[in-house]
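Structure record follows, encoded as structure tokens.
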Amino acid sequence: MPHRPAPPTTTDHCRQEPTLSSDRHAGLTRFNTAPADTVEHALLACCGNRRWARRLADHRPYPTVDALLAAADEASYDLSLADLAEALADETSADPRQEAPLAARTALRAAHAAYESSFGHAFVISLDRYRPEERLNQVLTGIRERLAHDPDEERAVAADELRRLARSRVSRLVGDRPGDDHPGDRPAAHAAGRQPEPPAPRVSQESNDYGRPDSPSVAV
């Protein structure tokens, strides 16, 4: 498991904290007051481990979005090996956009297949801190580098990337912005009064320009 750092601050991961807005307050209020099963269902679209989702839902209300994100980090650090395996099994690798060169798409599919054959789960990486044009190369480079890991080493790296992904997804869930270098690529879509659709299998990459969008959309 990754070493647990000090509690996150507003500058963690080169965070560019947005100005506190009424939308941000409204999103957190909806999250705090929605039925527990609705919130747990939404949180499973952020991290596919039921114990993680139930823990965050049970600890409401959160006074601030930062407190919620810190709780999400803490829950991620506390995942057992079985919890981590459940969450990683819920992730799905993505193909690049069809506009990408054929050679790049072929290389990426081959790299994903090699990774999944070696480690038994999808490759997970948070790309929020990279520009869109950098993301495909970051994925290819990341897979090649991480294929050299032994299973324990890669489990720790994957756990930390999953934590970053979950944090970004929770941030969008309450209408905040992702917590890395390029926030706000995909604000969460809130549909007040509409029950959420069952979460589809999620792609592991955080990008508009690489794979499918990855913002949970829930009625909270």
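Sequence positions, counted from 1, serve as the residue numbers for this chain.
Under the rule for a salt bridge (charged side-chain N to carboxylate O under 4.0 Å, His left out), the partners of Arg51 that lie at least two apart in sequence or sit in another chain are Asp83.
Note on ring orientation: taking the six-membered ring where Trp is involved, the planes of Tyr62 and Phe31 are tilted (angle from 30° to 60°).
In terms of modelled atom types and a separation under 3.5 Å, the side chain of Arg135 and the main chain of Leu127 share a donor-acceptor contact. Using modelled atom types, one side-chain atom of Ser118 and one backbone atom of Ala114 make a donor-acceptor pair closer than 3.5 Å. Looking only at distances, a side-chain donor or acceptor of Arg60 sits under 3.5 Å from a matching main-chain atom of Ala34. Using a distance-only test at 3.5 Å, with no hydrogens or angles considered, no donor-acceptor pair links the side chain of Ser117 to the main chain of Ala113.
Between the CG atom in Leu162 and the SG atom in Cys47 there is a gap of 4.5 Å [rounded to 0.5 Å]. Between Glu40 atom CD and Asp37 atom CG the span is 8.0 Å, to the nearest 0.5 Å. We find the CH2-CG distance between Trp52 and Asp78 to be 12.5 Å, quoted to the nearest 0.5 Å. Here CD of Glu86 is found 7.5 Å from CZ of Arg50. Values are rounded to the nearest 0.5 Å. Interatomic distance, Leu136 CG to Arg105 CZ, rounded to the nearest 0.5 Å: 11.0 Å. Atoms NE2 and OG, from His112 and Ser93 in turn, are 4.5 Å apart once rounded to the nearest 0.5 Å.
Of all the heavy atoms in Leu84 and Leu79, the pair that sits closest is N-CB, 4.3 Å. Residue Asp128 comes nearest to Ser168 through the heavy atom pair OD2-OG, 2.5 Å, listed as atom of the first residue, atom of the second, then distance. Taking all atoms of both residues into account, the shortest heavy-atom contact from Ala72 to Val170 is CB-CG2, 4.4 Å. Scanning both residues, Ala111 and Leu140, for their nearest heavy atoms gives CB-CD2, 4.2 Å. Annotation for Asn49 and Ala87: closest pair CB-CB, 4.1 Å, computed over non-hydrogen atoms. Of all heavy-atom pairs between Arg164 and Ser126, the closest is CB-CB, 3.7 Å.
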For the pair Arg155 and Leu81, evaluate side chain to side chain contact (heavy atoms under 4.5 Å, CB included) and give the outcome as yes or no after the intermediate values. CA-CA 9 Å; Arg155 187 182 300 112; Leu81 292 179; 3.4 Å; yes
Salt bridge (charged side-chain N to carboxylate O under 4.0 Å, His left out) evaluation trace for Asp160 with Arg163: CA-CA 5 Å; Asp160 198 52; Arg163 176 189 64 80; 3.0 Å; yes
Could you go step by step and tell me if Tyr115 and His121 meet the side chain to side chain contact (heavy atoms under 4.5 Å, CB included) rule? CA-CA 8 Å; Tyr115 180 92; His121 59 77; 3.0 Å; yes
Please lay out, stage by stage, how Val139 and Ile143 fare under the test side chain to side chain contact (heavy atoms under 4.5 Å, CB included). CA-CA 6 Å; Val139 172; Ile143 292 175; 3.9 Å; yes
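The side chain to side chain donor-acceptor pair (under 3.5 Å) test with Arg146 is passed by exactly one of Glu154, Glu161, Glu153: Glu154.
Side-chain contact between Leu44 and His41 is absent, with no heavy-atom pair separated by less than 4.5 Å.
For Asp58 and Arg55, the salt-bridge test fails: no basic side-chain N is under 4.0 Å from an acidic carboxylate O.
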